[in-house]
Amino acid sequence: MAQINENYLKLPGSYLFSEIARRINKYKTEHPDAEIIRLGIGDVTKPLAPTVINSMHQAIDEMGAEATFRGYGPEQGYAFLINKIIEHDFKPLGIDLEEDEVFVSDGAKCDTGNIQEIFSLDSVIAVTDPVYPVYVDSNVMAGRSGDLGSDGRYQKIVYLPCTAANNLKPEIPQTKVDLIYLCFPNNPTGMTLTKAELKEWVDYARNNKAIILFDAAYEAFIQEPGIPHSIYEIEGAKEVAIEFRSFSKTAGFTGTRCAYTVVPKSVLAYDSNGNPHSLNKLWLRRQTTKFNGVSYPVQVAAAAIYSPEGQREIRAVIDFYMTNAKIIREGLQRAGFTVYGGVNAPYIWLKTPGNLSSWDFFDKLLNEAQVVGTPGAGFGPSGEGYFRLTAFGSRSNTEKAMERIKNLQI
Ligand SMILES: *Cc1c(COP(=O)(O)O)cnc(C)c1O
């Protein structure tokens, strides 16, 4: 008899987006003429940059000619891309990386979900709350979470609440944890940490032999000077941190798929006898066993974003989204909302007015302004009473949504 991995039964159904769709459909049935504006999307909407497309076309032609055809590539990624990543994304920050410390992949979702495999099932994990659900669910599947309590928290996971009370910045845990997932700029809150704040986490990790899993998928959206783009800008981070990056939001690759993970050879974790091991070796072993690399045309396309024209083109798109973010942030503030994020990230996190629950505010916004966002409670128990809007909509929809929200009775 084939038995299932019962850890999967500990996961509640993916209720958030289906419930949002259900409520929208109900509203549409009752109001067939309503023009609904969706500011809930966590996906980019602008097409790939011309430079990216040209390069991908050329690479596809190469694949169609015997002399230039390529089969399996290196599992870790082509050197032409890895060297551009190191030169452009890390060298200017004063961070030196070696070629075999960068692992090109088909997504930061896969990498942040898979990375837990190289750690003991006994590891205590800590996540911010609210959180990108992948970090939690991948550990539930593996069997690290314990059961889901009636408070919406898994018993063995350490939650780091991020609420108005701490200005949405996680506090160092009181108990000892082994793996800490941090995502800054943050999805869903749009908040960032300063170098000094991030250093506290690096110091904690060094003092406790813990590992930080740092998701920097949104670093390209940082507008303000002084905000760390990479955790390796922090002294000592190369001993304790793995960093995840993605071309998804940076360059519109959500449907094209390319990302990378940095595992410095100096990052160590320990076996049950206390002997140190390089996580770089373990991740290499994991990837070479279970992953066969990103397609050649996609890696060529990703490399093209580092050309001067590529940089100009992706910058223009990011600027477009960040102007939307500013319109939303300022529009909400003028309407009297308490607002977070939207300065260095494409996400705006608002406190629901009048202590409405996330879902009650969802309904109010849908019914009274025909605007759709994402209830904060969907990102974790501490997201209750908050709401996420995103900057990935069109300019006209973003402006129209703010006009409607301005007239909302709150
Ligand atoms: C969008 C996003 C990613 C990127 O995922 P990909 O698999 O690379 O598309 C990673 N982390 C967070 C928090 C995200 O929101």
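It should be emphasised that the depicted structure is a prediction, and the values quoted were computed from it without experimental measurement. Just so you know, ligand 1 is whichever comes first in the structure, and atom 1 is the first atom listed for that ligand.
Ring pair H88/Y306 is tilted by interplanar angle, where 30° to 60° counts as tilted. Ring pair Y132/Y135 is perpendicular by interplanar angle, where above 60° counts as perpendicular and below 30° as parallel.
The heavy-atom pair separating V262 from Y232 by the smallest distance is O-OH, 3.2 Å. Annotation for N280 and V263: closest pair ND2-O, 2.8 Å, computed over non-hydrogen atoms.
Of all the atoms in ligand 1, the ones that sit under 4.0 Å from a non-hydrogen atom of D215 are 10 (C), 11 (N), 12 (C), 13 (C). Interface atoms of ligand 1 facing C183, defined by a heavy-atom separation under 4.0 Å, are 13 (C). Interface of A217 with ligand 1, defined as ligand atoms under 4.0 Å from a residue heavy atom, comprises 3 (C), 10 (C), 11 (N). Distances below 4.0 Å separate heavy atoms of G107 from the following atoms of ligand 1: 7 (O), 8 (O).
Between Y135 and ligand 1, no pair of N/O atoms sits closer than 3.5 Å.
Of the candidates R245, K109, K249, K249 brings a heavy atom nearest to atom 2 (C) of ligand 1. Looking at Y218, Y181, F184 and measuring to atom 14 (C) of ligand 1, the nearest heavy atom belongs to Y218.
In this structure, I85 and V104 have side chains that are in contact, with non-hydrogen atoms separated by less than 4.5 Å.
For residues 318-342, the salt bridge (Lys or Arg N to Asp or Glu O under 4.0 Å) pairs, not counting sequence neighbours, are K326-E330.
Both the backbone and the side chain of A108 come within 4.0 Å of ligand 1, judged by heavy-atom distances. Contacts of F244 with ligand 1, taken as heavy-atom pairs under 4.0 Å, are absent altogether.
For atom 9 (O) of ligand 1, the nearest non-hydrogen atom of the protein is S248 OG, 2.5 Å.
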